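Inspection log for the structure reproduced underneath, given as structure tokens.
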Amino acid sequence: MTRPVPDRAAIEAALDEAYQAGLAKCAHGHVATYIPELARVDPSLFGIAVHTVDGVTASIGDAAHPFTMQSVSKIFSLSAVIEHSGERVFEHMSTEPSGDAFFSIVKLEEEKGQPRNPYINAGAILTSDHLPGVDASDKIAHFQAFLGRASGLEAAAFPVNEAVFRSEAETGHRNRALAEIMRHHKVISDVEVAVETYFRQCAVTCTAEHLARIAMFLTNAGADPITGEHIITPANAHGVLALMATSGMYDEVGSHAIEVGLPSKSSVSGAVLAIAPGRMAIAGFGPALGQKGNSIGAMKALGVLSKRLELSVFR
Ligand SMILES: NC(=O)CC[C@H](N)C(=O)O
């Protein structure tokens with residue numbers, strides 16, 4: 001049975017309730033500090049943006065506040081890579097949940113440099129390395145062009161925050177270690193290119209409103225429902241979403257599935273993007289994180305929205 005797309009009045013009422021519930025949670029979280037520049041972000045920021053397949057947009061709170069994409073970028077780099085070169089990136093990567101923290105090195109070592117999935121750091125570094133281009137600046141230009149095409153905005157709307165890039169480049173020793181293990185197993189060829197691309201991709205700036213707009217192609221089998229433009233194939237969109245459902249929230253993926261029931265992707269900068277196929281994209285942003293590194297405000301708000309608007313894919 002196809003379910004109707006909620007109208008503006010229903011969305012706005014639900015957003016109001018979700019915002020209040022999410023905001024109350026933010027006080028219990030902490031901003032990420034392991035990337036020094038992220039430690040400077042205001043933990044009380046909180047906003048939500050919704051974009052429906054009918055073109056209805058609604059937002060509340062700090063939905064136009066810029067933040068760096070961090071791990072939410074991983075779904076778009078994967079989309080760009082598989083659209084450009086098909087399944088090649090999966091020759092040395094599986095599609096299973098890791099059950100470990102996003103930065104963990106343990107399974108990568110045990111599994112001979114083959115990342116578990118493209119949404120943990122190891123898999124995302126490998127995916128960034130597969131972006132077309134000879135160096136990091138070519139690869140990032142391709143990534144930004146993809147965001148521009150998906151969102152209908154200029155690629156220039158998604159600049160790299162150089163301070164955040166440098167901060168992570170100077171302190172991201174564990175990510176370098178992941179890349180070195182993959183280099184040892186000949187899964188990537190150039191550690192510097194791979195990690196610079198990955199750090200720059202994570203430092204690309206957007207807002208919750210932009211994020212919901214960019215992700216519209218994932219609500220509609222790979223085509224932008226607003227313009228009709230082909231962004232990625234239906235099979236590729238299916239894969240990106242399936243991996244979000246199984247690995248998008250790290251080791252909180254199970255409780256998030258129960259609470260929210262939507263394929264989602266989080267980031268340490270506080271974004272959580274959720275896709276209700278055929279209906280809408282929802283982007284929450286709240287840099288106060290819970291123990292597993294996911295935004296506690298955004299997760300709570302998504303739970304309220306999902307219940308109020310009956311969005312869960314498991315219903
Ligand atoms: N979960 C995240 O958002 C992690 C991204 C961050 N750039 C890192 O590699 O650690």
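Computation of the quantities below employed the complete heavy-atom set of this structure, encompassing side-chain atoms and omitting hydrogens, waters and symmetry-equivalent molecules. Please read all numbers here as calculations on a predicted model, not as lab measurements. Note that ligands are numbered from 1 as they come in the structure, with each ligand's atoms numbered from 1 the same way.
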Could you give all pairs that pass the salt bridge (charged side-chain N to carboxylate O under 4.0 Å, His left out) test and reach residues 213-240, with sequence neighbours left out? Arg149-Glu229, Arg213-Asp224

Using a strict threshold of under 4.0 Å (side-chain N to carboxylate O), is an ion pair present between Glu170 and Arg166? no

How far apart are the C-alpha atoms of Leu211 and Thr207, what are their side-chain angles, what is the distance that settles it, and do they pass the side-chain contact (heavy atoms from CB on, under 4.5 Å) test? CA-CA 6 Å; Leu211 197 52; Thr207 66; over 6 Å; no

Counting the benzene-type ring for Trp, do His230 and Phe217 have ring centres under 6.0 Å apart? no

Output block, N or O contacts of ligand 1, threshold 3.5 Å exclusive:
{"from": "ligand 1", "atom 1": "1 (N)", "to": "Ser71", "atom 2": "OG", "distance (Å)": "2.9"}
{"from": "ligand 1", "atom 1": "1 (N)", "to": "Tyr250", "atom 2": "OH", "distance (Å)": "3.1"}
{"from": "ligand 1", "atom 1": "3 (O)", "to": "Ser71", "atom 2": "N", "distance (Å)": "3.0"}
{"from": "ligand 1", "atom 1": "3 (O)", "to": "Ser71", "atom 2": "OG", "distance (Å)": "2.7"}
{"from": "ligand 1", "atom 1": "3 (O)", "to": "Val268", "atom 2": "N", "distance (Å)": "2.8"}
{"from": "ligand 1", "atom 1": "7 (N)", "to": "Gln70", "atom 2": "OE1", "distance (Å)": "2.6"}
{"from": "ligand 1", "atom 1": "7 (N)", "to": "Glu168", "atom 2": "OE1", "distance (Å)": "2.9"}
{"from": "ligand 1", "atom 1": "7 (N)", "to": "Glu168", "atom 2": "OE2", "distance (Å)": "2.7"}
{"from": "ligand 1", "atom 1": "9 (O)", "to": "Asn121", "atom 2": "ND2", "distance (Å)": "3.0"}
{"from": "ligand 1", "atom 1": "9 (O)", "to": "Glu168", "atom 2": "OE2", "distance (Å)": "3.0"}
{"from": "ligand 1", "atom 1": "9 (O)", "to": "Asn175", "atom 2": "ND2", "distance (Å)": "2.9"}
{"from": "ligand 1", "atom 1": "9 (O)", "to": "Tyr198", "atom 2": "OH", "distance (Å)": "2.6"}
{"from": "ligand 1", "atom 1": "10 (O)", "to": "Tyr34", "atom 2": "OH", "distance (Å)": "2.5"}
{"from": "ligand 1", "atom 1": "10 (O)", "to": "Asn121", "atom 2": "ND2", "distance (Å)": "3.3"}

Taking the six-membered ring for Trp and the full ring for Phe, Tyr or His, determine whether the centres of Phe165 and Tyr198 are under 6.0 Å apart. no

Does one hydrophobic cluster hold both Phe285 and Leu38, with members joined at side-chain heavy-atom distances below 4.5 Å? no

